[in-house]
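Each residue takes its place number in the sequence, starting with 1. Just the heavy atoms: all of them, side chains too, but no hydrogens, waters or symmetry mates, feed the values below. First listed ligand is number 1; within each ligand, the first listed atom is number 1.
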Amino acid sequence: ALPGVPKLRLHNPVFAGENGDEFMPRYEDAAAGRLDPFVLVIEGSIPHETNKSDGYWAGFGIDRNTGQPLTTCSWIDRLAPRAWAVGAAGTCATHGGIHAMGRNPTDCMGLPDYLGWSWRSTGDIPIVCVPGCPVQPDNMTQTLLYLLRQASGTAPMIPLDDALRPTFLFGPTVHEGCDRGGFYEQADFAAAHGSTKCIVKLGCWGPVVICNVPKRGWMNGIGGCPNVGGLCIGCTMPGFPDKFMCFMDEPPGARMSTSAVLMYGRTVRALRAFTKASLEKEPPWRNPAGAMSAESPAATQSDVKPDTTV
Ligand code: SF4
Ligand code: SF4
């Protein structure tokens with residue numbers, strides 16, 4: 001229905017009406033080259049299937065010949081080389097996510113680590129990564145829409161950064177888009193949850209995390225982790241979660257940076273309190289006849305006569 005965007009069929013195990021054997025033919029067609037072109041979107045981390053002697057970590061469908069589960073990795077091996085573009089949805093698919101934490105027996109990884117960071121699709125496009133735990137829905141939709149426009153020749157090559165993230169989504173930090181930035185600048189830090197002040201002392205990693213969620217919100221522009229009191233735990237970052245542990249502690253760097261802004265912040269906060277108190281009062285020349293005296297503090301603009309001399 002969108003002008004300039006090619007007709008699209010979405011095959012997704014969650015949204016599909018079919019299930020079991022009825023659901024699989026689309027994937028078998030794609031793997032056999034009977035479905036062209038298609039965009040492959042992977043969600044979830046990629047396990048290391050060869051790090052054990054038997055069994056499997058993740059499967060998708062059944063091999064009709066053997067009756068055995070088909071591993072997710074075998075599907076990626078067959079589908080990715082035929083895909084016009086390949087996307088990774090969410091931090092698990094992009095960087096491995098929680099399942100790739102140290103000492104996880106699956107040895108999970110993200111799609112670029114599995115296929116290779118310099119891998120390119122049949123459309124000559126690198127893997128397109130949209131991290132987030134979960135991925136912000138509008139970010140994913142916007143990325144897919146961009147790819148469809150590129151497929152139809154109405155958009156140039158999708159711009160990606162070194163981590164293969166769309167640059168139109170990933171650039172500024174959480175802190176740079178946070179509603180609570182003014183409190184940080186004035187060194188006004190929350191001591192407990194439930195406060196509307198900056199929550200860096202409670203464990204917010206926003207100053208060093210690349211994510212547009214505070215600007216974009218979660219649904220219909222509403223929400224966005226620290227905007228509504230949720231600590232930023234760096235869920236979009238390649239180092240997540242290991243490098244952000246423990247989530248509920250003040251980040252080590254925050255102790256130094258908040259100390260650095262403390263003197264400046266407290267000073268400007270005090271000075272602004274004076275200025276604000278002054279600005280809260282109308283200028284004296286608007287009250288020549290004593291209409292705003294202590295006896296009549298509630299005078300309104302309608303009380304001011306048009307011929308009042310200033
Ligand atoms: Fe920055 Fe977090 Fe404070 Fe927001 S709550 S201003 S992101 S440190
Ligand atoms: Fe994840 Fe932080 Fe972005 Fe929230 S603000 S989505 S925790 S990176």
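- No side-chain donor from either of Arg180 and Asn227 sits under 3.5 Å from a side-chain acceptor of the other.
- The proximity of Val209 to ligand 2, defined as any non-hydrogen pair under 4.0 Å, is limited to the side chain.
- The single protein non-hydrogen atom nearest to atom 3 (Fe) of ligand 2 is Cys211 SG, 2.4 Å, given as residue, atom name and distance.
- Numbered from 1 in the order shown, with element, the atoms of ligand 1 that lie under 4.0 Å from a heavy atom of Pro207 read 8 (S).
- Distances below 4.0 Å separate heavy atoms of Ile199 from the following atoms of ligand 1: 3 (Fe), 5 (S).
- The single protein non-hydrogen atom nearest to atom 4 (Fe) of ligand 2 is Cys225 SG, 2.3 Å, given as residue, atom name and distance.
- Side-chain polar atoms of Asn51 and Trp57 form a donor-acceptor pair below 3.5 angstrom.
- Per-residue contacts place Val200 under 4.0 angstrom from the following atoms of ligand 1 (heavy atoms of the residue considered): 8 (S).
- When the options Asp77, Ile42, Ile127 are evaluated for a side chain to side chain contact (heavy atoms under 4.5 Å, CB included) with Tyr114, the one that passes is Asp77.
- For Glu176 (side chain) and Asn212 (main-chain N/O), no donor-acceptor pair under 3.5 Å exists by modelled atom type.
- Listed by number with element, the atoms of ligand 1 under 4.0 angstrom from any heavy atom of Gly181 are 6 (S).
- For the 3.5 Å distance criterion, the side chains of Tyr264 and Gln186 fail to qualify, holding no donor opposite an acceptor.
- Considering CG of Asp249 and CH2 of Trp205, their distance stands at 9.5 Å, rounded to 0.5 Å.
- In the vicinity of Val174, heavy-atom distances shorter than 4.0 Å reach the ligand 2 atoms 5 (S).
- Backbone or side-chain N, O or S atoms of His175 reach atom 1 (Fe) of ligand 1 at under 2.8 Å.
- Looking at Arg272 and Glu185, a side-chain N of the basic residue comes within less than 4.0 Å of a carboxylate O on the acidic one, giving a salt bridge.
- Close contacts of ligand 1 with Gly206, meaning ligand atoms under 4.0 Å from a residue heavy atom, involve 7 (S).
- Within the model, atoms CZ of Phe168 and CG of Asn139 stand 8.5 Å from one another, a figure rounded to the nearest 0.5 Å.
- At a threshold of 4.5 Å between non-hydrogen side-chain atoms, the residues His193 and Leu202 count as touching.
- Residue Thr236 approaches ligand 2 through these ligand atoms, each under 4.0 Å from one of its heavy atoms: 8 (S).
- The atoms of ligand 1 that sit less than 4.0 Å from any heavy atom of Cys204 are 2 (Fe), 5 (S), 7 (S), 8 (S).
- For atom 2 (Fe) of ligand 2, the set of nearby N, O or S atoms under 2.8 Å includes one belonging to Cys232.
- Protein heavy atom in closest approach to atom 7 (S) of ligand 2: Ile233 N, 3.4 Å.
- In this structure, the protein non-hydrogen atom closest to atom 1 (Fe) of ligand 2 is Cys235 SG, 2.3 Å.
- Separation of atoms CG (Asp113) and OG1 (Thr94) is listed at 10.0 Å; rounding is to 0.5 Å.
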